[in-house]
J.: 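Quick one: structure below, then a few questions.
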Amino acid sequence: MTEPLLSVRNLAVEFPTRHGILTAVQDISFDIMPGEVLGMVGESGAGKSMTGAAIIGLIEPPGRIARGEIWLRDQRIDNLPPEKMRKIRGRHIGMIFQDPLTSLNPLYRISDQLIETIRTHLPVSRDEARKRAVKLLDDVGIPDASRRIDDYPHQFSGGMRQRVVIALALCAGPELVIADEPTTALDVSVQAQIIEVMKELCAEHGAAIMLVTHDMGVIAEAADRVAVMYAGRLAEIGPVRDVIKDARHPYSQGLMGAIPRLGESLERLVHIPGSMPRLNAVPPGCPFNPRCPKVFDKCRTHRPATSEIEPGRRAACWLYPGVTEA
Amino acid sequence: MLAFIIRRLAQSVLVMLFVALIAFIVFRYVGDPITAMVGVETRLEDQEIMRERLGLNDPVIVQFLRFIGNAMRGEFGISYRLQQPVTELILSRLPATLELAFASATIALVFGLVLGVYTALRPRSFGSAIIMAASLVGVSLPTFLIGIALIYIFAVELGWFPSFGRGQVVDLGSWRTGLLTESGIRSIILPAITLSLFQLTLIMRLVRAEMLEVLRTEYIRFAKARGLTQRAINFGHALKNTLVPVITITGLQLGSVIAFAIVTETVFQWPGVGSLFIVSVQVVDVPVMAAYLMFIALVFVLINLIVDILYYVVDPRLRVDGGGAGK
């Protein structure tokens, strides 16, 4: 078995506030293999974006990594000094943000932003960097790249800008790309294209993807494995096919059940009753227990850890033998 | 770009015409210029002759057109008080005012930018807290008080700088400069600081607010996520975006520095256009007042024009026809 590219171990992210400490991410562990696409799903506030921010070291203060470790191959990166972490960002871990309209600096040409990023990380001349940039723009599907590279961001459409963002995230050759809702702000018609471009390009460069989204369709299409987050915790993680067909955690079962399918006539869209607890009001026991259709006594008092329930699959639910207490 | 400049020029001409109208109305209707010029003993017939000779009996519209025609040739008549051509008078005073304005604008811009960026990058530091508190004093104290306080401390008590005047001046053709002699430099320091203080705090607070705003944007986060150096992010990406609104304010402030040098020039007895204006107001020297009004309007219009052109240079989004392929 190959070494994982990224290992997250018992990660917890906290925000100190006037009303006490909010735990945005609690005790999360997972691996990402080289070249793998890991999907991260969950409702808004489930902690999926925060996990991504923690990995790349961009949690906004006063938020901080309270516990746990993050390893990139054999280097621990969660406690690196800022200058060392900066050299990892872009070079080893890239990030794609949600809104392509605001991700690009409006006053700089695309070429300047690409060349600057490439030359920050790689010892190449301006000309070489430019060649590399043109090639990348070509790869992400920008027509007439050698000319359009000198345009400003406002001269591109939203979908094209997200392609530029992808090129920027990949330009220094990272091994892992964290894509934080990369298609949420885009037109439905271009979402699939963008996912396609991103997946293809990462595969070509051998980069793994951590795909953060709330769109199960995107996950089903693009991911190899999926991690389902709920209230800052990992509810379930496993191969995407298995989880979609046969989800184990009642929350993921609800999520999968809520995907509308073509050809099925429904009176109403299926939904999970209730809403995710606020971070300062997570109930004792399993955080999902107030909404869970299969809740029993133990769920209300004891918190299940995300434990292996069969090879390659982990879930945090007392329904399964072998689940330990957190 | 060219069409834009031409359009803006046309607007500028309109503004100038409007100001000319106001200046003319002031010129014509604020008090009777004849009574202001002559003594009590002048006979009424002589006054009537003067009135005729100055063209004050012509129809209003003729007088206005004449006023504009003269103004375009840079003629604003003869100062009632000094019996000298007004244009000559203003031009001889202009170097003093421009040098003062230039010096204080430089101080305001340099320190405003540096302090603004510093307080934005280290919002929680002790230094920032002190600078912010001091800047409150800067915006709230009136200029004359600051000037008097500076004179008291640095001229009277410490004796470092002269308390009034321009010091030794040197003639460079028609430009009389105080910036080439030691006493001239020493003389300009206190008034320049006085005049700059308000603009400095304004620019600083603006830069700080804008920079804090910019630092929160997605493209700065994305720049960080790409591992760009802190230096490249702060002084390249963030600062350039901060400058767009700062340019406007700074440009307009430069106008006010020239226009409102009046108070500072009075406090420091600086022989500039502002003090000329104050004296002229006291004796109702209408031609000088009208010319001053036109001059200040011209300064503002020109600065606005330059600011608009600078926008084009800084912000590519405004260059509709430039920069490659378009959509």
Side-chain angles (χ1 to χ4, degrees), chain A residues 52-53 56-58 60-61 82-83 85-114 116-121 143-144 147-157 160 165 168-172 174 177-178 180 185, chain B residues 1 113 117 120-125 128 207 210-248 307 309-327:
Chain A
I56 201 165
L58 283 181
E60 299 288 332
E83 184 56 20
M85 191 60 208
R86 174 187 76 69
K87 286 187 174 142
I88 286 181
R89 285 197 287 269
R91 178 70 186 91
H92 297 285
I93 305 177
M95 188 152 186
I96 296 168
F97 287 93
Q98 178 170 357
D99 188 355
L101 300 184
T102 56
S103 293
L104 298 168
N105 190 330
L107 303 187
Y108 282 78
R109 292 173 196 278
I110 301 301
S111 52
D112 293 335
Q113 305 195 31
L114 276 160
E116 181 184 24
T117 311
I118 293 171
R119 297 196 66 198
T120 299
H121 295 292
D144 202 6
R147 201 163 56 85
R148 302 254 11 219
I149 189 171
D150 286 317
D151 283 356
Y152 288 94
H154 72 275
Q155 292 168 302
F156 291 86
S157 67
M160 283 296 155
V165 169
L168 271 165
L170 283 170
C171 66
V177 173
I178 298 169
D180 190 354
Chain B
M1 177 79 188
L113 264 177
V117 169
L121 292 182
R122 305 229 181 297
R124 271 178 257 282
S125 76
S128 294
V207 168
E210 281 298 327
M211 186 109 175
L212 283 175
E213 188 90 356
V214 169
L215 285 174
R216 275 196 295 270
T217 57
E218 278 290 291
Y219 55 82
I220 293 300
R221 269 199 98 201
F222 188 41
K224 282 185 195 161
R226 280 180 278 146
L228 300 186
T229 58
Q230 206 60 42
R231 198 189 156 83
I233 292 172
N234 290 342
F235 298 102
H237 291 260
L239 190 59
K240 197 168 174 189
N241 278 281
T242 304
L243 288 183
V244 178
V246 171
I247 287 173
T248 336
V307 165
I309 293 171
L310 270 183
Y311 270 160
Y312 261 63
V313 177
V314 175
D315 195 336
R317 283 168 293 189
L318 296 174
R319 288 177 232 149
V320 187
D321 50 341
K327 290 268 171 182

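Numbered from 1 within each chain, the chains take letters A, B, ... in sequence-line order.
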J.: Identify which of A/Thr120, A/Ile56, A/Leu168, A/Asp144 forms the greatest number of heavy-atom pairs closer than 4.5 Å to chain B.
T.: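 Top option by heavy-atom pairs under 4.5 Å: A/Leu168.
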J.: Is there a side-chain contact between A/Thr117 and B/Leu228, using heavy atoms and a 4.5 Å cut-off?
T.: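 A/Thr117 vs B/Leu228: side chains touch.
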J.: Nearest heavy-atom pair of A/Tyr108 and B/His237: which atoms, and what distance?
T.: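 Shortest heavy-atom separation between A/Tyr108 and B/His237 comes out as OH-N, 3.6 Å.
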J.: A/Gln113 versus chain B, heavy atoms under 4.5 Å apart: side chain, backbone, both or neither?
T.: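 Contact with chain B is through both the backbone and side chain of A/Gln113.
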J.: Among B/Asn241, B/Val214, B/Ile220, single out the residue with the greatest number of heavy-atom pairs under 4.5 Å to chain A.
T.: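 Highest number of pairs under 4.5 Å: B/Asn241.
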J.: Do the non-hydrogen side-chain atoms of A/Glu60 and B/Arg221 ever get within less than 4.5 Å of each other?
T.: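 Yes, close enough: below the 4.5 Å cut-off.
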J.: Closer than 4.0 angstrom, basic N to acidic O: yes or no for A/Glu116 and B/Arg226?
T.: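 Looking at A/Glu116 and B/Arg226, the cut-off is not met.
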J.: Highest number of heavy-atom pairs under 4.5 Å with chain B: which of A/Gly90, A/Gly94, A/Pro106?
T.: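 If we count pairs closer than 4.5 Å to chain B, A/Pro106 comes out on top.
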J.: Check whether any side-chain heavy atom of B/Phe222 lies under 4.5 Å from a side-chain heavy atom of A/Met95, and answer yes or no.
T.: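 The answer is no; the side chains never approach within 4.5 Å.
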J.: Among A/Ile88, A/Asp99, A/Ile93, A/Val165, which residue forms the greatest number of heavy-atom pairs with chain B at distances under 4.5 Å?
T.: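 Option with the greatest count: A/Val165.
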J.: Supply the atom-to-atom distance A/Asn105 CG to B/Glu218 CD, rounded to the nearest 0.5 angstrom.
T.: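 That separation rounds to 13.0 Å.
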J.: Looking at A/Met160, A/His121, A/Glu83, which one has more heavy-atom pairs under 4.5 Å with chain B than the rest?
T.: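 The answer is A/His121.
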J.: Chain A heavy atoms under 4.5 Å from B/Thr229: which part of the residue, side chain, backbone, both or neither?
T.: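 For B/Thr229, backbone and side chain are both near chain A.
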J.: Could you tell me which non-hydrogen atom of A/Phe97 sits nearest to which non-hydrogen atom of B/Ala225, and how far apart they are?
T.: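 The pair with the smallest heavy-atom distance is CE1-CB, 3.8 Å.
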J.: Backbone N or O of B/Gln230 within a donor-acceptor pair of the A/Arg86 side chain at under 3.5 Å?
T.: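 Side chain of A/Arg86 to backbone of B/Gln230, a donor-acceptor pair under 3.5 Å: no, none is there.
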J.: Distance-only, no hydrogens or angles: does the B/Tyr219 side chain make a donor-acceptor pair with backbone N or O of A/Leu101 under 3.5 Å?
T.: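 No; judged by distance alone, with no hydrogens or angles, the pair does not exist.
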J.: Step through the shown structure and confirm whether more than 12 heavy atoms of other residues, nucleotides or ligands are within 6.0 Å of NZ on A/Lys87.
T.: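 Not buried by this count: 12 neighbours or fewer within 6.0 Å.
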J.: Is it the side chain or the backbone of B/Val244 that comes within 4.5 Å of chain A heavy atoms, both, or neither?
T.: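 Just the side chain, heavy atoms under 4.5 Å.
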